[in-house]
Structures are given as structure tokens and as C-alpha cells.
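What follows is one structure encoded as C-alpha cells, with my remarks underneath.
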4 protein chains.
Amino acid sequence: MQEPKPNVGRPRDGQIDGAIVRATRELLVERGYAKLTVDAVAARAGIGKAAIYRRFATKQEMIFAATVHDMQEEPPPDSGSLRGDLAAVCRTIAAQLTSAPPDVLHGLLADIHADTGLGARFHGTFIEREQYVLGTVLDRAVARGEIASRPDIAMVHAQLIGPVFFWLLILGGDRERVATLTATVAESVASTLVKD
Amino acid sequence: MQEPKPNVGRPRDGQIDGAIVRATRELLVERGYAKLTVDAVAARAGIGKAAIYRRFATKQEMIFAATVHDMQEEPPPDSGSLRGDLAAVCRTIAAQLTSAPPDVLHGLLADIHADTGLGARFHGTFIEREQYVLGTVLDRAVARGEIASRPDIAMVHAQLIGPVFFWLLILGGDRERVATLTATVAESVASTLVKD
Amino acid sequence: MQEPKPNVGRPRDGQIDGAIVRATRELLVERGYAKLTVDAVAARAGIGKAAIYRRFATKQEMIFAATVHDMQEEPPPDSGSLRGDLAAVCRTIAAQLTSAPPDVLHGLLADIHADTGLGARFHGTFIEREQYVLGTVLDRAVARGEIASRPDIAMVHAQLIGPVFFWLLILGGDRERVATLTATVAESVASTLVKD
Amino acid sequence: MQEPKPNVGRPRDGQIDGAIVRATRELLVERGYAKLTVDAVAARAGIGKAAIYRRFATKQEMIFAATVHDMQEEPPPDSGSLRGDLAAVCRTIAAQLTSAPPDVLHGLLADIHADTGLGARFHGTFIEREQYVLGTVLDRAVARGEIASRPDIAMVHAQLIGPVFFWLLILGGDRERVATLTATVAESVASTLVKD
DNA sequence: AACTAACCGAGACGGTACGTCACGTCTTTCG
DNA sequence: CGAAAGACGTGACGTACCGTCTCGGTTAGTT
């Protein structure tokens, strides 16, 4: 979201922000990511295209903002074990991955990685946040004495989230069985870490 | 690839098929997925656009065909243990995932999931093949007595490939450390299965 | 010319209308009717193709508008005789026929008659106007007592303009001798009418 | 029509010539000049495109040959007066002009004048032949003593044929009234010439 | 109360790529 | 070697979408 100049001129209409998000989400569901056009969003929201581009630099930024909730994920409450904490983290992220249609995630990921700026923001907003949460959880395990030292976070991240991600986005797997997968993976990663 | 009518008229020039693939791959590397144009492919290949559209219904089909090699993956030689076999499968697939620039994979996945037909072909060509290979490997483990019965293949698939996939495509992780990740994951999945 | 909605949105840039006409005329002279392309017109005019297709439904409409000046021919001043009036009318029309390269006239006539809508507009713009002028001139002759009643206008039209048209477009005749032909025809038609 | 090499190889199938002409004429009537395609002619005739291009250098040549009958117009029998002879010539040519749909004539004329070679052939086949016939008729009038010397043929040609041409092709006039127009014009031209 | 600066909807703008179509040529198999 | 079938390079077509810009008009805060 681009910032308006403060305290001069007419202020932005706050209803428009909501209307853009709503129209974008509706059209993503109705037509899919590839067939979403800015003109259609503007028409559906009953606004002009300029109102969109005053707020977002590109179509991708708009979709990014409309799709991705504000994601201020916090470390889960201490469950008493690394395994339980990892399962909690994994469940939260899995829930986010199922909050948008799969083709939207694919399209967005492609566009994000095609654009340096957006890619950096995505990384900062999601990846780093998730790894911060993971780090907290792992530090707890160290404090508990479950593991000797904090392992490489990115590797743990990949082992924990990768299977869920793949299941949902590549295999197009059943969303109900994600819970099972999540539990299995958390167990598996925890025991691998503890074993070392 | 659209099929020509057999034995009537001038046959398709086989060199053109190769030239399209070559030009597409070169341009994907040089310009990236988002900036690939059909006109540029035709120009680079020294052919007309019509020759492309005679073979592929859309630009995406063309890229799919040019990117996705004929992928007739076979089960790896028996390594003597489930863990060794899983590691071999995982290494092979990881090698394929690193054979194209990452933005190409993202773009292709997005386009594949935006188009039902292409999605089905992708599933048939890759997912099913990988799961066939995995099934073979798991059956060996059953025969060996490592595991009691063949588990759900898709779940194993997700656990095995998901981390590598996530590491490479989402985290943009170091390609050299994929080997470490692969080994860790294979070990982890194997021991989870054997334990049961 | 397609009409813009009035008083909403950005108004059409009037300079573009002129630039399209100018570029079209230049390119018709430089390359001829058959080799005129819409892309070339847009490039020459320094505009996008969309700006052309926003104004004209087809390439032919564009050429029609660019070629056919607004043609608000008025009856010539009363020369005192039917013969003089007819000669004046004929000279005016002959001048219009020589204002564009001959291949443009051929191409335009062909396209006009290939498209019902354009044909109707051509008829309304040109034929009816010319016949209105002819009707005025003939009415004067009736008032003068040169002829008893107003004859069939279309027949007179054909007799008067046909020879000049044929001379210029079919015979590819010398443009300097059109004056002689015009005078001869006007004399001939006038005496045929007066004789009756 | 391009000549085959004589006495070598397989002779051309004479039925094909007829089939091309028939298919061309049918499609001209059904779809009009602008929408006639060589592929459609070949398909309708049940032949290959190569068989067409073996006979005609261009699409226009094909249409020219298919539309225009072999036109070996001879001077009409002596009617005893210039006026009668001119009327006969005019009637013959008018009949030819009505033998094809009007849009075909427009299209063909445009293409003829866009191509030097075809334009020359058209001129030789039609214009010169018509002027030869006119010359013969005018010579008769000189011999008869109706006129003193042979006037400029092209000018007479334009005066005589122009009105009919304009009536049929530009005005889209009623074909039944062409007879009246023909008679009027012949009378008018004859008396203009005799008067001098 | 007037001024001013940024807002608003609507839609035109330059640019770029798409997928289609037709031309006239070329290349195969068959007779 | 002619013919049917159809692939080939070329090049224009008309459409669609992007992100920008320009209208007339609206809506605050500042003079």
C-alpha cells in the first residue's frame, strides 16, 4: 500500500480500500488468478483504475495485499514439547495456505519471484516471520534440554512446511488429511532433531 | 504437441520441433519466464509463428513441452535399505528441480494450474510417475520386512519431496546444501515408516 | 468514426484524429493502398493501435475517414444555363476524383462495396449529395424553361459523371484532358435534355 | 493461365481447369470477393492448392480467368447508322458488366490496378479490344459520311461506356433500366459526334 | 467564505503480446 | 511427373491488458 501525503488535500476514501480487497477476492474465486484484470476489479468495486494505482504500484501488489492477511504470526503457547510446538506452528501455516484458492497461490508465487521488490517483501513478511517463530520454538526446546543446540532454521523450516506445501499446492491433496500430515511431519522432525 | 494427420500431405519438419525447444530454452534462460514471447521464439528458431501454433495450442503448452523433458524416471537400483532407496529417489527429483531456472518453475507451475488440461498432463507425467517409483521402492521395503505394509504413497511423496521443493522454490535456498537436506529427509522419512 | 461517450472520462485527444488522417494519407501516397498497414499508420502518427481502433471499427473505416473529406458540396452558382451548371458540377466532382492516387480510389471502392455499412455511408455521403446538387441545378433549368420537367436524377448523374469516372479510373486517362471531356459531356447531356 | 511444358510428363487434367473456374464462381457469389480464399477454392474444387498455382501465378489471376469470359468481342453488324452501332456496342459491354456480382468487379479492378502485370493484361484484353471495336464502328460512320473524321477513340469510349459503368458499379442501379440508359447514351454520343 | 491540493469515476493513451488467418511456396506419398 | 494434402515463412489483423494520464467534479483542511 502506497502512503498518501499527510494532511494536505482530500483524504483517501477508506471504503475504497475495502472495496478493492473484496472485489479482488471475489474475482479471484470466480475467474482465477490468470484471468483477473485490473479493469475488472475496478468495475466490480465501482471505482476507477486510478484509485487502485494510487494505492498499489502494480496488479501483483494489489493481489498480494488482498490475498495475504496481515500475518503477524506469534510463537504458539508452549505445549511442553518440541513436537507439540512444531505441530502448532505447522497447523497455523497450513491454515493460511488453505485460505486462498490454490491457483492464486501459484500465480502469486510466480509473480512474486519475477519481481525483486515483491520477492523481498514476501520474504520479509512470511519467510522471516515463520523462521522467527520456529527459532523461538527451537530455543524453548534447547532450554528444555530436548536438543543440545539450535539447528539451522531454514532446514527445519523446509522439513516442517515443505510437505504441507507440496501436498496442498502440487499434489492438490485432500485438505482434510492435512491434519494427519501435519502431525506426522511434526513428530518426524521432532524426533530427528531430538535424536541428534 | 498436437498430432499431425498421418501419411497425408507434407510431414512436419522434425528439425523445427527441435529448434522450437532449443529457442524456448535459450530464451527462458536469457530473459526469464515472464519475458518470453512467442514471436521471439519463432524469430530465434528461424521459423514462423504458425509453425509453433500448429504444434502447440498455446504459449504455455509450448513452454511445457520445451521445459519438461521426457521424464521416464525409473526406480533406482536397490540400495539394500528403504532409507538408501528414498535418498536416491529424492536426489533424482532434486536434480530435475534444479535443471531449470527457478522463475521458470514458478511460472510454469502457475500456468499449469491455471489450465485444467495442462494440469492433468502435468499430473500424469510427473506426479504419477514419481509415485509409481515411490511405490516400487516401498514395495521393496515390504519385501525386505522393513515395513509391514505399503503406506499411503501421496503422504510419503509429500514428506519426501516437499522439503526439497520448498527449499528450492520458496526459500530460494542454496543448491549445494540440497544434498544435506535430501539425506536428512530420507533418513527421517525412513525411520518414521520403519518405526510404525 | 465511433462516438465517445460524452462528458465522462478523459476526452479523446483531438490531435490524434488529425495525426491518424495525416499518417494515413501520407502512407497511402508513399506505399499505396494495398500496402497500407494499421501498425504503420500508428507508428507514423506516433500513437498506439488501440487509439485507432477506438475510433474506427476496421482499417477500411479509417481509410474511408482519412480519404473522404467532409464533402459538403454545394450547388454551383447559377451560370445562366443548364449546360454551364452541369459543367460546373462535373468539374467539381472531377477535381475530387483526382485528389487521391488512383489505386486508393480503386481500393476504397472495393472495400466500400464489400461492407454493407460502409457502402451505405458512402452512398449517403457522396451519391446522395451529388444528386442533391444535380437536382438543384435541374430545377433551375425547369425554372428557366430550358426543360419541361425534372428528369430522373440518377440517369443524369450516370451520364454526367460516368464518363469522367471511367476516363480516370478505368482508362487511366490523362488528367489534363479531363477538362475537355467534362465540357463535351456537359454539352452533350444538356442538349439531350433540352431537346426532349 | 500459365502454359505447361508440352509433350513431357503427365498432361494436366483438363477437368481441373473447369473445377477451379466453377468453384471460384460459386464462392464469389456465396461469400463475395473479399472473403474468397484460395484454400476455399481448392477445397470446393476437391483439388490441391498446388494445382491452382501451377495454372495461375496469383489469386487475382485465377479470379480474373474465372470471372472474365474469353471476350473476343467483334464489331457488331452494320446497323446502318452510327447511333445504332454505338448502341449495339454499348449493349454488349453492358451485358458483360452484369455477368458478375458488382463487388467482384470492384475487387478485381482494385487488384488489377495494384498489379502492373495484371493491369497491362486487363488493358490489352478489354480496353484495347473495346476501342478496336469502337474504331471499326467509327470508321464505318466516316465511310458513310456521318462524321468527317475519326475522333479520339478513348474519349468516345469514356462517353459511351462510362455512364453504364457508373450506373451499375457506383450507383448500384437497376439492371433493367440499363437498356434505357444505353439507348440514351448512344443517341447522345452519336448526335454530339455527327453535329461536329 | 474562498482557496487549494489531493481525491474521485470514467475512460483515453502508448505499448506489447496474443492467437488467427491468408498468401504463395515447398515437400511428402500415391498413381 | 501430376496431383492431393498439408506444412512452411511471412506478415497483417483485431483484441486484450498493463500502467499512465487527463478530464470534470468532489471533499477536506488552510487561509
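Residue numbering restarts at 1 for every chain, and letters A, B, ... go by the order of the sequence lines. Model, not experiment: these values are computed from the prediction.
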Hey, what do you get for CG (B:D111) to CG (B:L118), rounding to the nearest 0.5 Å?
8.0 Å
C:Q15 CD to E:dA12 C1', straight-line distance once rounded to whole Å:
14 Å
About how many Å separate NE2 of B:H106 and CG of B:L169, when rounded to the nearest 0.5 Å?
4.5 Å
Quick one: is A:Y53 getting a side-chain N or O under 4.0 Å of the F:dT20 phosphate, OP1 or OP2?
no
Looking only at side-chain N and O atoms, does A:K59 come under 4.0 Å of OP1 or OP2 in F:dC17?
no
Side chain of C:P11 only, please: which of E:dG14, F:dG19, F:dC23 is the nearest?
F:dC23
Out of F:dA4, E:dA17, E:dC23, which nucleotide sits closest to the side chain of D:I47?
F:dA4
Of D:R44, D:R25, D:K35, which is the lone residue that meets side-chain hydrogen bond (donor to acceptor under 3.5 Å, both in side chains) with D:E30?
D:R44
Residue that, paired with C:E61, satisfies salt bridge (Lys or Arg N to Asp or Glu O under 4.0 Å) out of C:R54, C:R121, C:R55:
C:R121
Without decimals, in angstroms, what is the distance between B:R12 CZ and F:dG9 P?
12 Å
Without decimals, in angstroms, what is the distance between D:D115 CG and E:dG24 P?
10 Å
According to a strict under-4.0 Å criterion, is C:R54 in side-chain N/O contact with OP1 or OP2 of E:dC13?
yes
Rounded distance in Å - CG (A:D39) to P (F:dA16):
11 Å
Could you give the CD1-to-C1' distance, from A:I52 to F:dT20, as a whole number of Å?
14 Å
The residue, C:K35 or B:D13, whose nearest nucleotide of DNA chain F is more 5′ is B:D13
Side-chain N or O of C:R55 less than 4.0 angstrom from OP1 or OP2 on E:dC13?
yes
Here the distance between atom P of F:dT20 and atom CZ of A:F56, to the nearest Å, is 14 Å
Taking atom types as they are modelled, would you say the side chain of A:K49 forms a donor-acceptor pair with the base of F:dG19 within the 3.5 Å cutoff?
yes
Kindly point out which of E:dC8, E:dG24, E:dG19 is positioned nearest to the side chain of D:T58?
E:dG24
Separation of F:dA3 atom C1' from D:D17 atom CG, nearest Å, is 13 Å
Side chain to side chain contact (heavy atoms under 4.5 Å, CB included) test vs C:M62 passes for just one of C:T67, C:V21, C:V41, namely C:V41
Residue mapping more 5' on DNA chain F - nearest nucleotide basis, C:V8 or B:G14
B:G14
Any donor-acceptor pair under 3.5 Å joining the side chain of C:R10 to the base of F:dC21?
yes
DNA chain E: 5'-proximal contact among A:G9 and D:L36 (nearest heavy atom):
A:G9
Calculate the interatomic distance between C:E61 atom CD and F:dC13 atom C1'; express it in whole Å.
16 Å
Considering only side-chain heavy atoms of C:V38, which listed nucleotide, F:dC13, F:dT10, E:dG19, is closest?
F:dC13
Calculate, to the nearest 0.5 Å, the distance between atoms CG and CG belonging to A:D103 and A:L108 respectively.
10.5 Å
Which is more 5' along DNA chain E, the nucleotide nearest C:A51 or the one nearest A:A42? Just name the residue.
A:A42
